[in-house]
Amino acid sequence: MSNNCVLVCGEINDGILDERTLELVGAGKTLAVDLGVELSVVIMGDKAGEPADEVGFFGVDNVYKIEHPLLGSFDPDLWTHALGDLCRQLNPKIVIMLHASTWMDVGPRLAFKLGEVLTTDCVHLEIDQTDGLLMRTKPVFGGSALAVFKYDVPTQIVTVRRNVVKPAERETVKGKIIDFAAEVDPSMTKVQSVKRVKEETLALDKANVIVAGGNGIGGPEGFKDLEDLANALKKSFDEVMVGCSRPVVDAGWMPPRYQIGLSGAMVQPDLYIAVGISGAIQHLVGMARSRKIVAVNTDANCSIFTVADYGVVDDYKKVVPALKTRWEDLCRERD
Amino acid sequence: MKGIKILVCAKQIPDPEAPLGSIKIDSDGRKIDASSLRQVVNPYDENAMEAALRIKDRHGGEITVLSMGHNPDVSVMRKALAVGADKLILIKEPILENVDSNSAAYVLSAACKKTGPYDLVLTGRQAGDWDSGHTGIVLGQMLGAATINLARKVTVEDGHVIVEKSIPGGYEEVRAALPALVTVSNEVGGLRYPSMKMILQSRRRPVDTRSLEDIQASPEKIRAMQIMHVVPPPDLARQCEFIDGESPEEKGHNLAMILKREFG
Ligand SMILES: Cc1cc2nc3c(=O)[nH]c(=O)nc-3n(C[C@H](O)[C@H](O)[C@H](O)COP(=O)(O)OP(=O)(O)OC[C@H]3O[C@@H](n4cnc5c(N)ncnc54)[C@H](O)[C@@H]3O)c2cc1C
Ligand SMILES: Nc1ncnc2c1ncn2[C@@H]1O[C@H](COP(=O)(O)O)[C@@H](O)[C@H]1O
């Protein structure tokens with residue numbers, strides 16, 4: 001087995017290779033070249049054959065396929081166990097995972113198991129040419145600064161943010177597929193799954209327009225105004241969605257999947273309308289790359305206006321319905 | 001089951017909601033300067049306290065809040081006592097400034113063991129200063145406890161903890177025998193407000209301040225975060241055009257016109 005490789009943790013989604021894996025492969029490729037080591041990917045699941053074959057075409061040297069019935073649905077203890085065994089064999093120089101809830105559950109366990117230091121939510125990875133160690137760049141204080149961490153340790157473990165690395169491209173030659181036997185059994189986890197509940201998913205990152213409400217909306221009823229505006233905008237845009245800031249989720253006015261920001265969805269629609277949102281850094285990092293930003297807020301001094309293209313300083317309860325009515329009128333005039 | 005013993009780990013951090021630009025980078029680009037910000041309890045740790053209080057409301061028991069740092073501010077952390085925690089323990093030592101998450105987990109694990117038997121350890125999912133998001137899980141591993149991440153809801157029943165944990169596309173209900181460690185997310189709900197009476201009472205309550213020696217943690221196992229340098233984030237600022245109008249309605253109408261021009 002190859003030693004001291006860069007190891008990328010692949011993800012299976014509904015039986016097929018999750019496309020986000022390719023971003024990690026892209027990041028891993030650069031590092032493997034710089035270190036002069038092999039690039040390997042690990043794919044774990046109850047049926048990992050197809051995704052393993054697929055990822056093999058993206059310029060990787062080896063794909064370690066770990067197939068086991070117990071690895072089909074996410075269990076952080078079992079996943080960590082299988083991955084830890086593989087790492088003990090491979091002694092990877094770097095292990096790269098997605099910054100997603102599943103890997104944020106596995107990463108710390110793996111780091112503990114291997115006695116290593118994890119850095120989460122990296123946005124840039126680079127080898128320090130002077131010592132061959134990994135420089136791990138990560139936003140801190142919500143995104144108020146970027147810190148570059150470096151640890152002199154044998155195995156570097158990181159999770160990488162979505163959409164910060166160019167995905168690897170498909171090639172014609174395929175890497176080696178290597179079966180790795182996982183020795184996992186149910187006694188390896190102290191946590192029992194009772195049930196899994198699927199919720200409606202919301203692809204906020206696919207929206208053309210997002211009408212987002214914050215604490216200033218004042219209650220669940222206020223979101224009716226935002227939905228009315230969103231419906232009016234649907235006359236002109238393909239995908240119009242409603243979103244929200246975190247206090248809205250805390251208060252239970254909207255379900256968690258609507259949250260935008262550091263711990264929610266990261267979006268960049270053509271138009272983002274922020275209503276009753278103050279503009280805390282943790283919200284801004286999730287939406288400030290939108291093409292045009294409109295903010296409606298009663299407080300002229302709040303931070304949201306510093307990232308907005310257009311601002312309205314007034315009560316949303318009056319502004320938003322007026323915006324909606326006039327938009328409908330303008331659409332009608334043109335018809 | 002009566003009388004659950006809960007430990008809540010809560011970190012004191014510079015206010016994560018401070019206005020943009022209040023966090024500065026030192027001129028040599030090595031340190032972050034947040035000294036102008038007021039200190040608060042990390043928001044997710046307030047969610048963890050609320051989860052603990054709800055369990056205590058139902059089953060009775062005792063809540064101990066643990067916080068460590070190089071210079072924790074008692075007046076900030078006393079909030080834990082004001083909302084209903086029974087004990088507050090501060091672990092204070094100069095070398096605890098900006099330690100890496102493994103070291104933080106190590107010190108907290110020593111403190112947990114030292115406080116005696118416990119049923120449940122709760123942490124926040126992430127601290128809003130370094131946004132590491134993994135101290136809780138590492139702590140769970142060190143304690144050898146069942147470890148459950150990202151709780152939306154935490155309840156206790158017949159010696160087990162029952163958690164709704166967020167997973168991609170929904171949530172999973174999981175169950176583990178106590179003792180267990182759970183990291184708590186904001187969906188649990190905000191921390192209750194303390195009454196005036198409780199605030200006043202909490203000021204007279206003792207706070208237990210301990211050194212590393214007191215909790216039998218060895219300083220050799222504690223490492224600082226290794227930061228090479230710190231750089232400012234990409235500039236997010238834009239020039240904002242404020243929409244005029246005699247009334248809010250007129251501003252709304254004018255905004256519609258501008259957007260129509262912009263997006264056809
Ligand atoms: C680790 C961490 C992660 C976080 N992750 C996220 C995240 O992913 N997403 C997120 O959003 N937050 C996140 N936060 C929370 C963040 O710090 C802020 O608390 C949050 O973004 C504030 O939300 P808000 O702007 O809706 O509320 P507030 O700050 O309370 O602002 C409400 C605004 O509404 C305005 N307003 C009031 N009434 C009206 C009215 N009638 N008309 C118009 N305007 C009105 C007020 O002037 C005010 O500006 C995170 C925090 C931490 C510490
Ligand atoms: N210094 C500390 N004192 C008490 N609890 C802490 C400390 N550091 C981290 N924690 C706990 O660990 C959680 C995750 O922190 P972090 O991994 O730093 O994002 C926090 O929400 C706290 O519950």
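Chain A is the first sequence line, chain B the second, and so forth, proteins listed ahead of strands; every chain is numbered from 1.
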Original post:
With only heavy atoms counted, which part of A/Gln282 is less than 4.5 Å from chain B, the side chain, the backbone, both or neither?
Top reply: side chain
Subject >> Pairs of heavy atoms under 4.5 Å with chain A: top-ranked of B/Arg152, B/Arg30, B/Arg125 >> reply: B/Arg152
Original post:
Do the ring planes of A/Phe237 and A/Trp327 sit parallel (below 30°), tilted (30 to 60°) or perpendicular (above 60°)?
Top reply: parallel
Original post:
Taking the six-membered ring for Trp, are B/Phe242 and A/Phe305 ring centroids under 6.0 Å apart?
Top reply: yes
Original post:
Where does A/Arg257 contact chain B at under 4.5 Å (heavy atoms): side chain, backbone, both or neither?
Top reply: neither
Subject >> Heavy-atom contact with chain A under 4.5 Å, split by part of B/Pro16 >> reply: both
Original post:
In terms of heavy-atom proximity below 4.5 Å to chain A, should B/Leu20 be classed as side chain, backbone, both, or neither?
Top reply: both
Subject >> Toward chain B, the part of A/Leu202 with a non-hydrogen atom under 4.5 Å >> reply: neither
Original post:
Checking heavy atoms, do the side chain of B/Glu262, its backbone, both or neither come under 4.5 Å from chain A?
Top reply: side chain
**OP:** Identify which of B/Pro19, B/Gly140, B/Gly133, B/Ser132 forms the greatest number of heavy-atom pairs closer than 4.5 Å to chain A.
**Re:** B/Ser132
Original post:
With respect to chain A, which residue among B/Ile167, B/Ile23, B/Val231 yields the maximal number of heavy-atom pairs within a distance under 4.5 Å?
Top reply: B/Val231
**OP:** Using non-hydrogen atoms and a 4.5 Å limit, figure out which bit of A/Ser144 sits close to chain B: side chain, backbone, both or neither.
**Re:** both
Original post:
Under a 4.5 Å heavy-atom cut-off, does chain B meet the side chain of A/Val320, its backbone, both or neither?
Top reply: neither
Subject >> Chi angles and distances behind the side-chain hydrogen bond (donor to acceptor under 3.5 Å, both in side chains) call for B/Tyr44, A/Ser263 >> reply: CA-CA 11 Å; B/Tyr44 288 117; A/Ser263 38; 3.0 Å; yes
Original post:
Tell me, side chain or backbone of B/Leu255 under 4.5 Å from chain A's heavy atoms, or both, or neither?
Top reply: both
Original post:
In terms of side-chain geometry, is the basic nitrogen of A/Asp77 or A/Arg109 positioned less than 4.0 Å from the acidic oxygen of its partner?
Top reply: yes
Original post:
Where on A/Gln259 is there a heavy atom nearer than 4.5 Å to chain B: the side chain, the backbone, both, or neither?
Top reply: side chain
**OP:** Answer with side chain, backbone, both or neither: which region of A/Lys292 has an atom nearer than 4.5 Å to a non-hydrogen atom of chain B?
**Re:** both
Original post:
So what's closer than 4.5 Å to chain B heavy atoms on A/Tyr316: side chain, backbone, both or neither?
Top reply: neither
Original post:
At a heavy-atom separation under 4.5 Å, does B/Asn102 approach chain A through its side chain, its backbone, both, or neither?
Top reply: side chain
Original post:
Does any heavy atom of chain A fall under 4.5 Å from the side chain of B/Ile13, the backbone, both, or neither of them?
Top reply: neither
Original post:
Is the closest side-chain donor-acceptor distance between A/Thr102 and A/Asp105 under 3.5 Å?
Top reply: no
**OP:** Measure distances from A/Asp128 to the heavy atoms of chain B and classify the residue's part below 4.5 Å as side chain, backbone, both or neither.
**Re:** side chain
Subject >> Contact origin within A/Asp121 toward chain B - heavy atom pairs under 4.5 Å >> reply: neither
Subject >> Structural part of A/Pro76 lying under 4.5 Å from a heavy atom of chain B >> reply: side chain
